[in-house]
J.: 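Could you have a look at this structure, given as structure tokens, before my questions?
These figures come from a predicted structure and were not determined experimentally.
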Amino acid sequence: MRRTFQIQPLDPIMIRDGKPFGGSSGAEAHSMNDITPGVLAGSLRSMLGKYMSASSSNQDVFASSETLELVKSPVRGPLYRLGDAEYYPLPHDMDVCQKAGAVKVSIRRPGVPSAEQGCLGTGRYGEHGDTLWPVQVPSRLKPCPRVPALVSAEWMIRWLCGGPDQSAAAGELGGWCSRPAALPGPRGLSGYEAFIAPFDKESRMHTTVREDSSAAGARERFATEALVLPPEMTLLADIELNAGDPPVLPEKMSSIHTLGGRRGLAYFTEAEEKGGWECPEAVLESAAGNPQYLRMVLATPAYFSKGWLPGWLNGQLESSGAFDANARLKLRWACIPHWQPVSGWSYRWNQPKAVRRLVPAGSVYFFEVTSGEPLRLVQEKWLASVSDKNRRKGAFDKEDGYGLVLWGTWSPQQW
């Protein structure tokens, strides 16, 4: 039984990075740029566990076998919602640059190499040079200093279905990037913008409290940093519960619970509409004609056992295993920025969790469909996790919502 929740942050959300922080004088605790799926999944399971358990302590919530089953329940999220529109990370298969004050957008697409062309491959030894296709790299331009972090679902669907083209994308992004950050932009779908800037960060100064006397330490101050979401923005997440839910869970739940570090509060309520998780009709129509090429865009960071390469790709970069049930894919190129470090704190062992290198959200993988039904693949794998199972027992990236993907079509570049 799948239940969808809408989360409204009431306080700035502190999502700590992996840098050491001891609360000593002059220390600074920095925050990540977005909300990681593991933080949201842990908070949602704890909130449900308190409904099912008589204890309100986070350490005792999962003491019983019934509440312990929540740990195994797959969670998907977060999706960002502003008004009645969802937002996704900006895809990385485009370059937003600036030249003579004008915004230039370059769309990256691999092309079938000719006899004289080829790809140098990846890695230290030029691996996969005979499988990957070359990509035309534009002339070096200065990166645009102001680039959106999120795009609306309407814009993303157009992008996944082959539009807008390079000039149209430059015009749409140019108007947003050239506008001063303090001024409101033109209103689009449902009265909101098509692009959203990176979240603001709020810094707060704190005074150290001594354990022996509970008094404030003299000149012992430290700073923390937290994300500030737009006032009307909420988060969407859903959880797959067992069919036999305990009767203590009400039909429609609502609760105030902590989210992130330093016990920031958020309002959790069960969403009336289950939209946002189904594949849009436009994407289904684009994949209905058995396209030869599919794009996979990460909506959340993903863990892959081979680093940047999914573990369900074999040595020839072809899909294998359970992922091959609907269509067989062959990787042709990938647009991936620098890896994203994700860590956390283990309440069980009272120590930091090991840092994992994840593929950032917005990364794009270009596939060629060699056999099967791409329409069925797109429909069943829309916003599904494609992460590999983590070898560490303390990390459940696939169950926590890491590696949720969007699907679209693409055409090879003509040389």
Side-chain angles (χ1 to χ4, degrees), residues 5-23 27-50 56-59 61-62 70-71 75-82 87 89 149-150 196-206 222-239 253-269 299-301 340-348 350-356 358 360-361 394-397 399-402 404:
F5 290 86
Q6 192 165 351
I7 301 100
Q8 174 68 59
L10 304 177
D11 295 321
I13 305 174
M14 184 179 179
I15 309 294
R16 282 278 315 278
D17 57 11
K19 298 178 182 177
F21 174 74
E28 296 184 11
H30 298 280
S31 179
M32 302 183 69
N33 296 325
D34 49 16
I35 300 173
T36 55
V39 171
L40 183 60
S43 182
L44 180 58
R45 292 191 184 108
S46 296
M47 188 269 294
L48 294 176
K50 289 181 179 180
S56 61
S57 172
N58 286 334
Q59 296 183 355
V61 163
F62 301 106
L70 284 174
V71 179
V75 176
R76 292 190 298 174
L79 296 185
Y80 299 96
R81 171 176 281 187
L82 191 58
Y87 284 79
L150 301 174
I196 294 181
F199 299 140
D200 295 331
K201 293 183 179 180
E202 178 184 272
S203 297
R204 294 183 179 182
M205 188 66 66
H206 307 267
F222 62 95
T224 60
E225 194 177 56
L227 296 177
V228 180
L229 274 62
E232 300 180 9
M233 176 169 282
T234 58
L235 309 173
L236 283 181
D238 74 349
I239 181 169
M253 303 178 56
S254 62
S255 176
I256 293 180
H257 190 65
T258 57
L259 177 63
R262 300 197 66 83
R263 301 188 65 81
L265 297 178
Y267 178 57
F268 289 71
T269 180
T300 58
Q340 179 178 352
V342 172
S343 182
W345 184 265
S346 174
Y347 286 97
R348 180 181 181 184
N350 196 28
Q351 65 181 15
K353 295 180 180 178
V355 176
R356 304 190 304 282
L358 304 186
F396 303 94
D397 296 322
E399 292 79 5
D400 286 351
Y402 287 95
L404 303 184

J.: Compute whether any side-chain donor of one residue and acceptor of the other, for T234 and Q8, lie under 3.5 angstrom apart.
T.: no

J.: Quick check for you: to the nearest 0.5 Å, what is the distance between Q340 atom CD and L358 atom CG?
T.: 6.0 Å

J.: Drop me the distance from I35's CD1 to I15's CD1, to the nearest 0.5 angstrom.
T.: 5.5 Å

J.: For the atom pair CG (L44) and NE2 (H257), what is the distance rounded to the nearest 0.5 Å?
T.: 8.5 Å

J.: Residues in ring-ring contact (aromatic ring centres under 6.0 Å, His included) with F5, at least two apart?
T.: none

J.: Between the side chains of D400 and R45, is the shortest nitrogen-to-carboxylate-oxygen separation below 4.0 Å, so that they form an ion pair?
T.: yes

J.: Distance-only, no hydrogens or angles: does the T269 side chain make a donor-acceptor pair with backbone N or O of Q6 under 3.5 Å?
T.: no

J.: Taking side-chain contact (heavy atoms from CB on, under 4.5 Å) as the test, write out the residues that go with T224, two or more places apart.
T.: M14, A29, R204, H206, F222, R262

J.: Which distance, rounded to the nearest 0.5 Å, do you find between the CZ of R81 and the CD1 of I7?
T.: 11.0 Å

J.: Name all residues meeting the side chain to side chain donor-acceptor pair (under 3.5 Å) criterion together with N33; count only those two or more places apart in sequence or in a different chain, and write none if there are none.
T.: K201

J.: Roughly how far apart are F199 CZ and L227 CG, rounded to 0.5 Å?
T.: 7.5 Å

J.: Between D11, L265, L235, which is the residue that forms a side chain to side chain contact (heavy atoms under 4.5 Å, CB included) with L259?
T.: L235

J.: Would a distance-only check, ignoring hydrogens and angles, find a side-chain to backbone donor-acceptor pair under 3.5 Å from S46 to G42?
T.: yes

J.: When you measure from the side chain of T258 to the backbone N and O of G264, does any donor-acceptor pair fall under 3.5 Å?
T.: no

J.: Tell me whether Y267 contacts the main-chain N or O of S255 through its side chain, where contact means a donor paired with an acceptor under 3.5 Å.
T.: no

